[in-house]
Amino acid sequence: MDLIARLRAGLPGEAILTDPDVTGSYANDMASFCAAGTPAVVVLPRTVEQVQHVMRTATELRVPVVPQGARTGLSGAANASDGCIVLSLVKMDRIIEINPVDRIAVVEPGVVNAVLSRAVNEHGLYYPPDPSSWEQCSIGGNIGTASGGLCCVKYGVTAEYVLGLDVVLADGRLLSCGRRTAKGVAGYDLTRLFVGSEGSLGIVVRAVLALRPEPPQQLALAAEFPSTAAACDAVCEIMARGHAPSLLELMDRTSVRAVNAMAQMGLPETTEALLLAAFDTPEPAADLAAVGALCTAAGATQVVPAETAAESDLLLQARRLTLTALERVKSATMIDDVCVPRSRLAEMLDGTAAIADKYDLTIGVCAHAGDGNTHPTVCFDAADPDESRRARESFDAIMALGLRLGGTITGEHGVGVLKKEWLARELGPVGLELQRGIKDVFDPLGILNPGKLF
C-alpha cells in the first residue's frame, strides 16, 4: 500500500491534499535564501488521533514529516523537503479551556496568537507573548520557534508561559509532559526542551499556557536622539535604574525614513535613532516622566510623552510599520534577529551600520532594545545576483558581529535552514554533539523536520 492510501485509511478525505498546485503552496515559510523541496502530500488533521496516524504511517514507510503552523516564520523552519508529508496543524484551532483561578489556558496548536489574547482578555487575563505577526501566527509555531515580541523586556518570551504539552512522538506515541500547577519540578524538564525545537523532536498537539492578570492600559513616549550611541546609553540607564517598561523599542535612521516614506507619519528626518518606551504600571505618567528625564540626560533632542492610550497607539504605530516599510525599499529583505547583552547594544548597531557601508547595502535596524534583541533588515534586489550575494554575506557578517559581542544568532526567530551553519559555531563541538544525541533519542529514524537546526 502506498503513502496516500495508508494516510487515507485513517484520515477523512478533506484532510489530504495531493494536487501539486496546492501542495506547492505549502512548500515554504517567509524566509529568504532558504531551500524548499516538493512535498508528496499535505495533511491537515483535526484531532490528536489523526496526527498519531500520520506519524505511525511516516515511521512505517520512513517518510519525512515537516510540521507547519501559519508559516509566518523567518528561518525556513517550516520549509518542505522533497517527498515529505507536510503536516499542517492550522485546523487544530480550539481553545479548550480558560481557567481564571489557575490562570491557565489549554489550547490546540493552530490557535492564532491574537485570537487567544482577545479570548483571555474577556476573563481579565493576559497572554503576554506578542510576536509582530500575532494576527496570523499560531501558538504551535510560537512554541516551535520560542518566539518573542514587543513585550519581552518585562514579560519574557514564549518559553516562560508554556507549562505543559501533549506531543505526538515520531512513532505515533502520545507524550504528556509538564503540569497545570503553578509549581512543579518532577524529573527532567521535557516541556522546555520541546519549546524552540522547531518540530524536530515531536508534534505539539496541545499546550497548557500560563496567564497573567490583565495589566492597566500602557502609556508610551518617543525620544529622538542625535546618535544610536546616545539612544543606547539611555536604554542602559533606564534598565540600570530599575525601571520595568512594558516596551522599550529602538528604530535607526534608515527605519525612520522608510516609515516616513510609506506612511507620511511626520517623524523627524534628522533623527539618528528613535526610542519608544511604554509602561503599564498603575502610574504610567510618573514612570514616563522619569524615563524622559533619563533620555534627556543621555542627549535626547526631543521627548514626547503620550497622555492617552490613543496617543500611545499613534507613537507606537511607527514601530509596528517598520518591517513593512523596509520591505518597500527593495524587492526582497533578509531579517536577522541577533541578540546581544544590553551593554553591547550600541556596538551592535554601529557595527551593523559599518557592515551596510562595506557591502553598499541598505540595512535598517529596529530592535527590542530592552532585551538587546536587534532586527537588522537587509534590503536588496533579488533579481541582481551581485546584490543578492552581498546581502547574504552581510547577513552572515551581522551574525558574526553578534557572536563577537557575546550574543546569540537568534533571539526569537529560530534556526531553521537559514542559520544552521551558525548554530554549530555558537554551540561548539561538545554542545552540538549533545544536541544531536537528544535528537536521536526522540527521532531515531531522522524523519521529523530533517535538515533543520543541524
Side-chain angles (χ1 to χ4, degrees), residues 2-20 22-29 36-73 75-94 107-112 137-145 165-175 194-207 414 416-417 439 442-443 445-453:
D2 67 9
L3 171 63
I4 305 304
R6 288 201 184 199
L7 290 173
R8 283 179 174 152
L11 294 168
E14 67 270 14
I16 301 173
L17 306 178
T18 57
D19 184 331
V22 177
T23 59
S25 68
Y26 286 81
N28 55 274
D29 62 18
T38 302
V41 61
V42 174
V43 178
L44 296 99
R46 291 183 179 271
T47 69
V48 174
E49 291 75 20
Q50 289 174 7
V51 175
Q52 290 180 282
H53 174 69
V54 171
M55 294 313 305
R56 291 189 191 108
T57 301
T59 292
E60 290 169 8
L61 299 180
R62 306 299 197 262
V63 177
V65 177
V66 176
Q68 289 185 349
R71 291 185 293 117
T72 57
S75 68
N79 284 14
S81 54
D82 285 334
C84 76
I85 300 169
V86 164
L87 183 60
S88 174
L89 299 160
V90 295
K91 300 292 187 183
M92 296 181 68
D93 60 355
R94 293 184 304 146
V107 305
E108 291 183 328
V111 173
V112 171
C137 65
S138 66
I139 295 298
N142 294 168
I143 292 170
T145 58
L165 294 172
D166 285 357
V167 182
V168 175
L169 300 177
D171 59 8
R173 289 179 297 164
L174 181 64
L175 168 70
F194 283 108
V195 179
S197 66
E198 301 184 17
S200 66
L201 301 179
I203 312 297
V204 172
V205 291
R206 188 169 298 172
V417 176
K439 164 74 168 170
F442 284 88
D443 181 24
L445 299 178
I447 63 172
L448 279 170
N449 215 7
K452 315 298 166 48
L453 289 171

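Sequential numbering from 1 along the given sequence is applied to the chain's residues.
- Salt-bridge formation is not detected for the pair Lys452/Glu198: no Lys NZ or Arg NE/NH1/NH2 atom is positioned less than 4.0 Å from an Asp or Glu carboxylate oxygen.
- Between the CD1 atom of Ile203 and the CD atom of Gln52 there is a distance of 11.5 Å, given to the nearest 0.5 Å.
- Looking at every heavy atom in both residues, Pro64 comes nearest to Pro450 through CB-CG, 3.7 Å.
- Formation of a donor-acceptor pair under 3.5 Å by the Lys439 side chain with backbone atoms of Leu448 is found in this model.
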Next item on the list: Start with the C-alpha gap between Val42 and Val22, add the side-chain angles, then the distance that decides, and say whether side-chain contact (heavy atoms from CB on, under 4.5 Å) holds.
Entry: CA-CA 9 Å; Val42 174; Val22 177; over 6 Å; no
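- Remark: Asp443 CG to Ser200 OG distance equals 8.0 Å, nearest 0.5 Å.
- Using a 4.5 Å cut-off on side-chain heavy atoms (C-beta onward), Val63 and Leu3 make contact.
- Distance CG/Leu201 to CG/Leu453: 8.0 Å, rounded to 0.5 Å.
- One N or O on the side chain of Asp29 and one on the backbone of Ala77 form a donor-acceptor pair closer than 3.5 Å.
- Taking every heavy atom of both residues into account, Ile447 and Met55 meet most closely at CD1-CE, 4.1 Å.
- The shortest distance between side-chain heavy atoms of Leu89 and Pro45 falls below 4.5 Å.
- Going from atom CD of Glu60 over to atom CZ of Arg56 covers 9.0 Å, rounded to the nearest 0.5 Å.
- Distance check: Asn449 CG to Cys84 SG gives 8.5 Å after rounding to the nearest 0.5 Å.
- Counting heavy atoms from C-beta outward, Val86 and Val43 have side chains that stay 4.5 Å or more apart.
- Side-chain contact between Ile139 and Ile143 is present, with heavy atoms from C-beta onward closer than 4.5 Å.
- In terms of modelled atom types and a separation under 3.5 Å, the side chain of His53 and the main chain of Arg6 share a donor-acceptor contact.
- Closest approach of Gly37 and Ala27 over heavy atoms only: O-CB, 3.8 Å.
- At least one side-chain heavy atom of Arg8 sits under 4.5 Å from a side-chain heavy atom of Ile16.
- Counting heavy atoms from C-beta outward, Met92 and Thr47 have side chains that stay 4.5 Å or more apart.
- Remark: the backbone N or O of Ala78 is paired with a side-chain donor or acceptor of Gln68 at under 3.5 angstrom.
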Next item on the list: Evaluate the criterion side-chain contact (heavy atoms from CB on, under 4.5 Å) for residue pair Ser75 and Val417; output intermediate values, then yes/no.
Entry: CA-CA 6 Å; Ser75 68; Val417 176; over 6 Å; no
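- Between the side chain of Arg71 and the main chain of Tyr26, no donor-acceptor pair closer than 3.5 Å is present.
- Side-chain contact between Val66 and Ile85 is absent, with no heavy atoms from C-beta onward closer than 4.5 Å.
- Across Ser138 and Ala70, no two heavy atoms sit closer than the pair OG-N, 3.7 Å.
- Using a 4.5 Å heavy-atom cutoff, the side chains of Asp166 and Leu174 are in contact.
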Item checked: Candidate pair Arg206 and Arg94, rule side-chain contact (heavy atoms from CB on, under 4.5 Å), full reasoning -> CA-CA 10 Å; Arg206 188 169 298 172; Arg94 293 184 304 146; 4.1 Å; yes
Item checked: Residues Thr59, Leu445; criterion side-chain contact (heavy atoms from CB on, under 4.5 Å); working and verdict -> CA-CA 8 Å; Thr59 292; Leu445 299 178; 3.9 Å; yes
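- In this structure, CG on Leu7 lies 11.0 Å from CD on Gln50, to the nearest 0.5 angstrom.
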